[in-house]
Amino acid sequence: MARLTKKVRQQLLDQNEGFTRRTYYEGRNSREERIYTISGGHLHIRAIGKTSWADSRYDDEWVASDEEAHRFLYGHQYEMNTDGIG
């Protein structure tokens, strides 16, 4: 696989429209599920979770920063369509 330069990251995002992955984290005082979806050439992240505080439920959604996208693509590149990227 090629280095994940900005150009290569964008090619991966464009080439894998609709790719979705879920991750889960559970710690001592918190629990979170993240849903990563590639749409429109961007990585969208939705975080759903709660902490130990009484009113601590949350459901947030945002477009990933370059750093977040790089981290996600690095970890999941072998599950994606990488034809012609290089």
Test log, rule side chain to side chain contact (heavy atoms under 4.5 Å, CB included), inputs Arg22 and Arg34: CA-CA 6 Å; Arg22 290 175 181 253; Arg34 282 196 176 196; over 6 Å; no
Test log, rule salt bridge (charged side-chain N to carboxylate O under 4.0 Å, His left out), inputs Asp60 and Arg46: CA-CA 6 Å; Asp60 299 322; Arg46 180 176 178 198; over 6 Å; no
Going through the distances and angles, do Ile85 and Gln15 end up as a side chain to side chain contact (heavy atoms under 4.5 Å, CB included)? CA-CA 9 Å; Ile85 294 179; Gln15 199 163 302; 3.8 Å; yes
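Looking at Tyr58 and Glu32, their side chains do bring a donor and an acceptor atom within 3.5 Å of each other. Glu79 and His76 share a donor-acceptor pair across their side chains, judged by distance under 3.5 Å alone.
Looking only at side-chain heavy atoms (C-beta outward), Ile48 and Ile35 come within less than 4.5 Å of each other. Side-chain contact between Glu61 and Ile45: absent, with no pair of heavy atoms (C-beta onward) separated by less than 4.5 Å. For the pair Leu43/Leu13, a side-chain contact is recorded, criterion being any heavy-atom separation below 4.5 Å from C-beta on. Side chains of Ile38 and Met80 form a contact here, defined as non-hydrogen atoms less than 4.5 Å apart. A heavy-atom distance below 4.5 Å is found between the side chains of Asp66 and Lys6. Put simply, the side chain of Arg3 does not reach to within 4.5 Å of the side chain of Val8, judged on heavy atoms.
Applying the ring-ring contact (aromatic ring centres under 6.0 Å, His included) rule to Tyr36 yields the partners Phe72; only residues at least two apart in sequence or on another chain are considered.
In this structure, the side chain of Ser30 does not engage the main chain of Thr51 through any donor-acceptor pair within 3.5 Å. Under the 3.5 Å distance criterion, the side-chain polar atoms of Gln10 are matched with a main-chain donor or acceptor of Gly41. Arg9 places a side-chain N or O within 3.5 Å of a backbone atom of Leu4 that can act as its donor or acceptor partner. Within the 3.5 Å criterion, the main-chain N or O of Ser39 finds a donor-acceptor partner in the side chain of His44. Side-chain atoms of Glu17 do not come within 3.5 Å of backbone N or O of Asp14 as any donor-acceptor pair. Although no hydrogens or angles enter the test, the distance criterion places a donor-acceptor pair under 3.5 Å between the side chain of Asn16 and the main chain of Asn81.
Within 6.0 Å of the NZ atom in Lys50, the count of heavy atoms belonging to other residues, nucleotides or ligands exceeds 12.
In the hydrophobic clustering of this structure, Leu73 groups with Trp62; members are Ile, Leu, Val, Met, Phe, Trp, Tyr whose side-chain heavy atoms approach within less than 4.5 Å, directly or through other members.
Here the shortest heavy-atom pairing between Ala69 and Ala64 reads N-CB, 4.0 Å.
Here the straight-line distance linking atom OG of Ser56 with atom CZ of Arg31 works out to 9.5 Å at 0.5 Å rounding.
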